[in-house]
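Being a predicted model, the structure only gives us computed values, none of them experimental. Letters A, B, ... are given to chains in the order of the sequence lines, protein chains preceding strands, and every chain is numbered from 1.
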Amino acid sequence: MGTSRRGLSALTKSYEPGPIEDKWYAKWIEDGIFKADPRADKKPFSIVIPPPNVTGSLHLGHALDNTLQDILCRAKRMQGFKVLWMPGTDHAGIATQNVVERTLMAEGKNRHELGREAFVKRVWEWKEEYGSRIIGQLKKLGASCDWERERFTMDLGLSSAVRKVFVDLYKKGLIYRGKYLINWCPRCLTALSDLEVDHKELDGKFYSVKYIFADKDDSSGLTVMTTRPETILGDAAIAVHPRDERNRHLVGRNVIVPITGRVIPVIEDNMVDPEFGTGAVKITPAHDPNDFLVGQRHNLESIQVIDSRGIMSEEAGKYAGADRFEARELIVSDLRELGLLIDASDHRHSVGHCYRCNTVIEPYLSEQWFVRTKPLADADVAAVKAGDIRFIPEQWTSTYYQWMENIRDWCISRQLWWGHRIPAWYCDDCGGVIVSEEAPESCKCGSKNLRQDEDVLDTWFSSALWPFSTMGWPQSTETLEAFYPTTVLVTGFDIIFFWVARMIMMGIEFMKRPPFSHVYIHALVRDEHGQKMSKSKGNVIDPLDIIDRHGADALRLTLASLTLQGRDIFLSESRIETYRFFLNKLWNASRFALMNLDDAPDAIESPSVDDIRHMRLHDRWILARTSDVIKDMTDLIEGYFFGESARTMYDFVWGELCDWYLELSKPALRGDEGSDRKCVTQKILYSVFRDVLKLLHPIIPFSTEELWSAFAYGDDIIGRGEWPVPADYPGIETAKSDMDYIQGIIRAMRNLRAEVKLPPQQMAPMMSIRLEDESKNTLVRENSDLITLMAKVENVEISPFGSTKPPKSISAVTGEWEMFFPVGSLLDVEREIARIEDELGKLTRETDRIKGKLDNKNFVERAPAEVVEKERMALEESASRSLRLEENIASLRRG
RNA sequence: GGGCGGAUAGCUCAGUGGGAGAGCACCUGCCUUACAAGCAGGGGGUCGUAGGUUCGAAACCUAUUCCGCCCACCA
């Protein structure tokens, strides 16, 4: 007996995550296993992290997103890929500026007192202090990013990429500047893109207002309906539909705007729905997006009565200085007094809100920069249609098309201080505009009075470049060469338009290739009742708190298990416990195995083909099932079936390995030391646990790593280990159906025991069980005691019948105590040889077919290289498989 | 208005043509030398509704109801 080198004594009696996790994370970093080597001679696999906001603290969305990415990266490393997982953070313009402004406010200051330069400096300081917090939290989760490559969207390199992209698009005419009606947040005091507006249904009033005709002798008028009476002050026309029989006679007449007394024309425009309301619409070009378009078509004046702060402007006359909502009330009451308010009915309608501060958006006329998106979007739709980009689950494809095909120009300028300043300069002398990557010395007119545009870019502009800007673009780098395009993007559906679509846009435009071939869209994490988690509801589960109490592995396993394609995740504490219990089960099963390997020779190994002779049914069965699970897991990971893969392991480890194999292996393990039976069982434990730990490692890296080291499988930490390969022992396929049969019988017997209330540990001399088939033939008669049964499974006898399903009926009779239990079978050598030979035949025919194909000159020369390569690999594979099968036959004959 | 998803056990959800399942909760019995964070057994569902296809439907088709989400310029 060799000295034990296994770490049983080091294993606590139950699974305690705390100290293990920090220890292993430090070791992984020290060993540099997360580093991506672009020069490695391996197939590439790359992911760029969805950069969390620097303001952020790890929430469950991040936890899920990064768990899934980590599972993929770790599995791919084990499968022999060179893996790059690119980490970093986003400067998150408005969000970060708001946070820092709040800290200023607490000091009784505001950013304007500080001035732009000092304020931006202050944000940088804030970023240096807090920006790394989320990175530390990702490490807690176990994220295997290549941290040495960490990027920030406002790094020097990324900033120069931003300027280059801006200038290029400007030169191509895809970026322009102009005065348009945009979404404006009166609190943040900046423009927002259409996407940054949240539409919410609100209860409001629908006011019917009378506009008197301007003709001196006519005191009648027409009625229009509005939800925003305060904009009456900015009315420039009344519009009706050209084919509206009810109203078309009004066209050409003039009406008097209530309160202001301004005289405006009645015009015709297709935008009006003749069926809706009175069929006549007031047109306020400066305060409504539709009206703005009508105003442009008819060359109407834009009268701005609300300013950037949402306050009525000088143009609003006596209402000037009032808040827009106050003004609404005042005007309604004035209209009522004037007798011009016909009606005010309740009306539910959708109102835009700022996605950052929830303030009601004001359509606001101002000078902004835009990206002309239509020409870019066409190529992006084409890329998805051509299959260059695949959405998983597929249903998101149509969502993407729908948006891309109806895309509108993207307002990219923001009136903020934190962000990438727009690289445009204005000449105070000639009024010219210079767009350039670097600050120009002077204007074309020779003037040096140049001012840079005050605005910064939408934060999503820089994140749109993330997949290539982080890899060093616009320089050409080894990293880009090796890892662009990335393999898969993993993110939530909430940023498909904000981010995914725009990355595709920029990737195709600047790299000529889509930035990723797969987009895995995962669900939202909600609370156990399906409610969105929010601080106000008090239903937030903090992942860091979960990690503290249950460990990162428990959280990761829970999230992975609940991730089923296309379905939201409802999370609760009790659910996390379920999976923590699993970790404990795995832990204790490992302790059991280690205990029984402890007296094994040091040089323990996997079972060999010759060992099959000493195996019992359950031995062959567990090897077969392990092989199945390896194959399943490989496919499931490849297809992004996270929930299914976690479930597969859960069910296999708990329901098969622990519940059945470990129990059935006990008699052999208690046998004489060095006996063939004991030795072969030890080999099986050794090899099955090795494969199980490997398969679980991507999902629960910390605990598997700890167990791996306790098993002393090798000096290599598990992250460098290879992905397991399905073993091919003779006789294991038939073991599965035979085992099914036995399990059926055992379950039936336990059932019966419970029904007749047979105490545990007690033999039942007066009871036997008779199992019958459908024709009432007695198949099995057995004493019901479980221990006896186990002993019987151990001493297998040859079965006279070949049924693969348990008998239909079972009845208990009292009678003589009779032992007769022909369960399962020993390996039927002749039958197994015949089966293998049959398989070998099929394999030979397949080999011949491929050989023929490869001998065909046309095929080799004309077919795509990868197809030919695939066939070559298939040939190699089947050749080595034939060899294995022949060895198996030889071994069976020897035995 | 357009699009998408869901409806299966008390709860949360698997199950893509042939025995209705898991976890949690509940009941019964067990501290059996890996694990009481465990083991064994059990109760509980006309698979939203109505048609259709099929020898056979929880699954496929059609219609319908309810719930959730996304998009959209309904003044």
Side-chain angles (χ1 to χ4, degrees), chain A residues 8 11 13-15 181 194-195 199 206-207 224-228 231 238-239 271-273 275-284 288-294 347-350 352 363 393 395-399 401-403 405-406 408 493-494 496-497 523-524 526-532 550 554 558 561-562 564-575 577-596 643-644 647 650-651 654-655 658-659 662-663 666 669-670 746-747 749-755 757-761 786-787 790 805 808:
Chain A
L8 179 60
L11 292 190
K13 280 203 128 181
S14 62
Y15 168 63
L181 200 68
D194 294 336
L195 284 178
H199 292 276
F206 211 4
Y207 302 95
V224 300
M225 297 175 85
T226 179
T227 52
R228 301 195 59 196
T231 64
I238 300 292
M271 155 270 199
V272 182
D273 175 1
E275 304 297 319
F276 188 86
T278 59
V281 187
K282 67 187 219 51
I283 301 296
T284 319
D288 181 278
N290 272 322
D291 295 4
F292 177 73
L293 296 174
V294 175
H347 183 60
R348 202 170 165 75
H349 62 137
S350 129
Q395 72 208 45
W396 292 107
T397 315
S398 56
T399 305
Y401 285 146
Q402 203 188 323
W403 190 70
E405 283 165 0
N406 299 300
R408 292 161 54 197
F493 60 82
D494 48 334
I496 290 186
F497 305 139
L524 228 57
R526 300 169 175 277
D527 78 0
E528 58 188 312
H529 304 110
Q531 300 284 312
K532 228 173 185 168
H550 301 286
T558 307
S561 299
L562 298 179
L564 292 145
Q565 292 188 359
R567 211 153 166 150
D568 279 352
I569 295 172
F570 294 180
L571 193 68
S572 65
E573 188 90 15
S574 77
R575 239 166 257 208
E577 277 176 359
T578 301
Y579 294 99
R580 171 160 189 183
F581 294 165
F582 172 80
L583 296 178
N584 194 50
K585 188 75 180 176
L586 176 68
W587 189 264
N588 278 299
S590 301
R591 287 180 59 229
F592 171 81
L594 286 164
M595 223 171 257
N596 285 293
E644 291 81 350
R647 182 192 303 263
Y650 185 102
D651 290 345
W654 202 317
C658 293
D659 287 353
L662 296 189
E663 294 303 332
K666 280 175 180 172
L669 291 167
R670 289 193 196 110
I746 293 175
R747 285 201 190 95
M749 288 175 39
R750 287 173 180 167
N751 183 328
L752 198 57
R753 270 185 76 94
E755 266 177 43
K757 299 211 181 347
L758 188 67
Q761 296 290 33
L786 178 60
I787 301 301
M790 299 290 181
K805 282 194 175 168
K808 290 273 183 203

Could you tell me how far [M] sits from [N] if I compare only their [atom1] atoms? Round to whole Å.
{"N": "B:G18", "M": "B:C61", "atom1": "P", "result": "16 Å"}
{"N": "B:A9", "M": "B:A22", "atom1": "C1'", "result": "11 Å"}
{"N": "B:A7", "M": "B:A14", "atom1": "C1'", "result": "15 Å"}
{"N": "B:C73", "M": "B:G23", "atom1": "P", "result": "48 Å"}
{"N": "B:C4", "M": "B:A40", "atom1": "C1'", "result": "45 Å"}

Sub-4.5 Å side-chain heavy-atom contact between [X] and [Y]:
{"X": "A:Q395", "Y": "A:T399", "answer": "no"}
{"X": "A:L583", "Y": "A:H550", "answer": "no"}
{"X": "A:K585", "Y": "A:Y650", "answer": "no"}
{"X": "A:Y579", "Y": "A:S561", "answer": "yes"}

Measure the acute angle between the ring planes of A:W587 and A:Y15, then classify it against the limits of 30° and 60° as parallel, tilted or perpendicular.
tilted

Any donor-acceptor pair under 3.5 Å from A:N584 side chain to A:S14 backbone:
no

Hey, does the side chain of A:H347 come within less than 4.0 Å of B:C74's phosphate (OP1/OP2), counting only N and O?
no

Looking only at side-chain N and O atoms, does A:R408 come under 4.0 Å of OP1 or OP2 in B:C73?
yes

With a 3.5 Å limit on both atom pairs, tell me what [N] is paired to, counting Watson-Crick and G-U wobble, or say none.
{"N": "B:U46", "result": "none"}
{"N": "B:A22", "result": "B:U12"}
{"N": "B:G56", "result": "none"}
{"N": "B:U32", "result": "none"}
{"N": "B:G1", "result": "B:C71"}
{"N": "B:C66", "result": "B:G6"}

Send over the distance from [X] [atom1] to [N] [atom2], rounded to a whole Å.
{"X": "A:M271", "N": "B:C73", "atom1": "CE", "atom2": "P", "result": "12 Å"}
{"X": "A:E405", "N": "B:A72", "atom1": "CD", "atom2": "C1'", "result": "15 Å"}
{"X": "A:N290", "N": "B:A72", "atom1": "CG", "atom2": "P", "result": "13 Å"}
{"X": "A:W396", "N": "B:C4", "atom1": "CH2", "atom2": "P", "result": "12 Å"}
{"X": "A:L195", "N": "B:C71", "atom1": "CG", "atom2": "C1'", "result": "10 Å"}

Comparing A:Q402 with A:Y650, nearest RNA chain B nucleotide closer to 5' gives the residue A:Q402

Between protein and nucleic acid, restricted to nucleotides 33-37 of chain B and to nitrogen or oxygen atoms under 3.5 Å apart, what atom pairs and distances do you find?
| unit_1 | atom_1 | unit_2 | atom_2 | d |
| --- | --- | --- | --- | --- |
| B:A34 | O2' | A:N588 | OD1 | 3.0 |
| B:A34 | O2' | A:R591 | NH1 | 3.0 |
| B:A34 | N6 | A:E663 | OE2 | 3.2 |
| B:A34 | N3 | A:N588 | O | 3.1 |
| B:A34 | N3 | A:A589 | N | 3.3 |
| B:C35 | O4' | A:N588 | OD1 | 3.3 |
| B:C35 | O4' | A:N588 | ND2 | 3.4 |
| B:C35 | O2' | A:N584 | ND2 | 3.4 |
| B:C35 | O2' | A:N588 | ND2 | 3.4 |
| B:C35 | O2 | A:K585 | NZ | 2.9 |
| B:C35 | N3 | A:K585 | NZ | 2.9 |
| B:A37 | O2' | A:N584 | ND2 | 3.2 |

